[in-house]
Amino acid sequence: MAIDDASRLPPNQHWAAPGKWPMVGEVAPRADQTPWKLTIRGLVESASSWTLEDLRSLPQKEVTLDLHCVTRWSLKDATFRGVDLSTLLDHCRPTAAAIFASFVSRSERRHSSSLPLAEAVALRALVALDFADRPLTTAHGGPLRLMVPGKYLYKSVKWVETIELLAEDRLGHWEATAGYHNGADPWREERYIAADLSRFDVAKLLSSRNFAGLNLLSIVAASLPLANLNAADALLRNADFQKADLRGAVFDRANLTNARFVGANVRDASFRDADVEGADFCAADLRGADFRGASLIAATFIGADHARAANMDATTKFTRPSLENLTPSQREFVERSATIE
Ligand SMILES: Nc1nc2c(c(=O)[nH]1)N[C@H]1C(S)=C(S)[C@@H](COP(=O)(O)O)O[C@H]1N2
Ligand SMILES: [Mo]
C-alpha cells in the first residue's frame, strides 16, 4: 500500500530527519530513589498503583504513530509498546462524575497535562514503556510516559506517575502558563490560545494580565486564572472565557462580540460601554459586574427553560437603554435580578 506522506502531515508541520527524535521541555525526572509506581486516583471506585513489573505483566499493546510537536516537527512511524490506559481504567472503575484526567509527572515542577477522559480513551492513549523495541530512554520520558495519538506531543506527559480523575478540568503546565491550546488537535492547528501570537508572546500576556488595546480575536482562555485582567479597549471577538477566573477584570469599551463567559467567575468585572453583542453569560457569576452603557444585542444571561441562569443581584448594574436590545425573556430576567439605572 502506498502511503502518501504529505497527507499524513498536519498543516505547517515538517518531517524531522529520519531516526532523529528531538527533545522538548524537561530532560530528566525528579531525583527520587523510591521505586517507580503509577497511581490512578481521584474519582474512581478503587484507586490503584502498579510497579513497572506489574505493568509489564499486563497485556502489552503495540502502537505505531506519527508524533507531532507544536514546535512544527513531526516524526514518522514511531513504535511504542505499553499498556492501554483503558486497561488500567477498567481496573479502577471511574465513577460517573469522572470527566477529566490530569496526568502528572515525577518531575521537579510536577509537570502535567490533561484530557477529557472520554477523549483519552477514544484516542487509545497508551502508558508506554518501550520505544522501538527498547525501554524508553530517560530523556524521552522513561521508564514510563503517556503517549496520546492524535494530539500535539505536549499532551504526552513524560515520567507519568499519577493519573487523577476529576469532575472539572485542571489545566496542564504549558496550557496554564505558556498559552498552549487545551485542545491540541494538530489537524486544526490548535497550537496556542491566540492563533496569531507566538508562545512567548502569549506567555507574557498571561503573566502580565494585560490585554489592553490588543487584537486577540478568538483567543481561547477557558478556565484560565485571569483575575484583575486589564482588557480595556481590547478586540476580543469570539473569545472563549468559559469557566475562567475573571474577578475584577476590566473590559471597558472592549469588543466582546460572541464571546463566551459560560460558567466564568466575573464578579466585580467592568464592561462599561463594551460591545457584548451575542455574548453568552449563562451560569456566570456576575455579582458586582458593571454593564452600564454596554451594547447587549442578542446577549444571553439565562438559557432556554430558564436553566443555567447567570448569578446576578442588586450589585449587578445595567443602564436602561442597553436593555432595549435584549430579547423579551432575557430582558425580563435582567430586570428582575439586577439594578437598572
Ligand atoms: N514531564 C514532562 N513531560 C513533557 C514535557 C515536559 O516538559 N515535562 N514536555 C512536553 C512537550 S511540550 C513535548 S513536545 C514532549 C516532548 O517529548 P520528547 O522530549 O520525548 O520529544 O513532551 C511533553 N511532555
Ligand atoms: Mo512541545
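In each ligand, atom 1 is the first atom listed, and ligand 1 is the first ligand listed.
- Near Arg109, meaning under 4.0 Å from any of its heavy atoms, are these atoms of ligand 1: 6 (C), 7 (O).
- Between Trp73 and ligand 1, not a single N/O pair is under 3.5 Å apart.
- Side-chain contact, Thr257 with Glu277: no donor N or O sits under 3.5 Å from an acceptor N or O.
- The N/O atoms of Ser105, backbone and side chain alike, include one that comes under 3.5 Å of an N/O atom in ligand 1.
- In summary, Lys243 and Glu168 engage in a salt bridge, as defined by a charged side-chain N under 4.0 Å from a carboxylate O.
- The N/O atoms of Val24, backbone and side chain alike, include one that comes under 3.5 Å of an N/O atom in ligand 1.
- Those atoms of ligand 1 with a heavy atom of Trp21 less than 4.0 angstrom away are 18 (P), 20 (O), 21 (O).
- In summary, the side chains of Thr64 and Thr79 do present a donor paired with an acceptor at a separation below 3.5 Å, with no hydrogens or angles considered.
- Taking 4.0 Å as the cut-off, Gly141 does not count as a neighbour of ligand 1 on heavy-atom distance.
- Annotation: cation-pi geometry not satisfied between Lys37 and Trp50 (NZ/CZ under 6.0 angstrom from ring centroid, within 45° of ring axis).
- In this structure the side chain of Tyr180 reaches within 4.5 angstrom of the side chain of Val70, judged on heavy atoms.
- Using the six-membered ring where Trp is involved, Phe261 and Phe251 have ring planes that are perpendicular, over 60° apart on the 30 and 60° scheme.
- Taking a cut-off of under 4.0 Å to the non-hydrogen atoms of His140, the atoms of ligand 1 that pass are 18 (P), 19 (O), 20 (O), 21 (O).
- Protein heavy atom closest to atom 11 (C) of ligand 1, with residue, atom name and distance, is Tyr154 CA, 3.7 Å.
- Annotation: Pro22 places an N or O atom under 3.5 Å from an N or O atom of ligand 1; distance criterion only.
- Close approach of ligand 1 to Gly25 (heavy-atom distance below 4.0 Å) involves ligand atoms 7 (O).
- Taking 4.5 Å as the limit, some side-chain heavy atom of Leu226 sits within range of a side-chain heavy atom of Leu206.
- Of all the heavy atoms of Trp159, the ones lying under 4.0 Å from any atom of ligand 1 belong exclusively to the side chain.
- Residue contact check for ligand 1: His173 places no non-hydrogen atom closer than 4.0 Å to it.
- Taking a cut-off of under 4.0 Å to the non-hydrogen atoms of Cys69, the atoms of ligand 1 that pass are 14 (S).
- Regarding atom 8 (N) of ligand 1, its nearest protein heavy-atom neighbour is Glu26 OE1, 2.6 Å.
- The part of Ser156 lying near ligand 1 is the backbone, judged by heavy-atom distances below 4.0 Å.
- Closest heavy-atom approach to atom 19 (O) of ligand 1 within the set Arg30, Lys158, His111: this belongs to Lys158.
- The pair Arg8-Asp66 meets the salt-bridge criterion, since a charged nitrogen lies less than 4.0 angstrom from a carboxylate oxygen.
- Salt bridge annotation for Arg81-Asp133: present, with a cationic side-chain nitrogen under 4.0 angstrom from a carboxylate oxygen.
- At least one heavy atom of Arg145 sits less than 4.0 Å from an atom of ligand 1.
- Screening Lys158, Met147, His68 against Leu153 for a side chain to side chain contact (heavy atoms under 4.5 Å, CB included) leaves a single residue, Met147.
- Under the 4.5 Å side-chain heavy-atom criterion for ILVMFWY residues, no single connected hydrophobic cluster contains both Ile297 and Phe281.
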